[in-house]
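Accompanying notes for the structure given below.
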Amino acid sequence: MLIVVVLFATVLLRAAIVMTFVYLMLPAKRVCPRCGAKLALIRHTLLRVLVPAVEHRWCLECGWSGVVRQAQSRVIKRAARS
Ligand SMILES: [Zn+2]
């Protein structure tokens with residue numbers, strides 16, 4: 001039983017490492033990586049619930065669409081508004 005727990009822990013650790021690197025590889029700026037234009041936010045309810053640290057954005061100039069890191073947390077945005 002102990003070996004199962006150890007193997008499961010290593011699988012979880014590998015998944016965490018991969019997700020961290022993928023998150024760090026995502027663009028953090030809100031400009032298009034192709035043309036440099038400002039990106040429009042596409043709201044996804046499921047993505048917002050499952051992975052709140054990323055946003056789906058779309059470039060109005062060249063049509064690029066992709067996932068970017070959230071530059072500022074929603075908590076900080078809410079605090080800044082009030
Ligand atoms: Zn673009």
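In listed order, ligands and their atoms are each counted from 1. Below, each value reflects all heavy atoms present in this structure, side chains not excepted, and no hydrogens, waters or symmetry copies.
Other members of the cluster containing Val4 are Ile3, Leu7, with ILVMFWY side chains joined at under 4.5 Å, either directly or via other members. Hydrophobic side-chain contacts under 4.5 Å tie Ile42 into a cluster, directly or through other members, with Trp58, Leu60.
Within the 4.5 Å cutoff, the side chain of Leu24 has heavy atoms near those of the Arg69 side chain.
For the pair Pro52 and Gln70, the tightest heavy-atom approach, listed with the atom from each and the gap, is O-OE1, 3.0 Å.
The existence of a salt bridge linking Glu55 and Arg48 is excluded, since no basic side-chain nitrogen approaches an acidic carboxylate oxygen closer than 4.0 Å.
Within the structure, every pair that satisfies the ring pair (Phe, Tyr, Trp, His ring centres under 6.0 Å) test and touches residues 13-46, not counting sequence neighbours, is listed here: His44-His56.
Protein atoms of type N/O/S that fall under 2.8 Å from the Zn ion (ligand 1) number 4 in this view.
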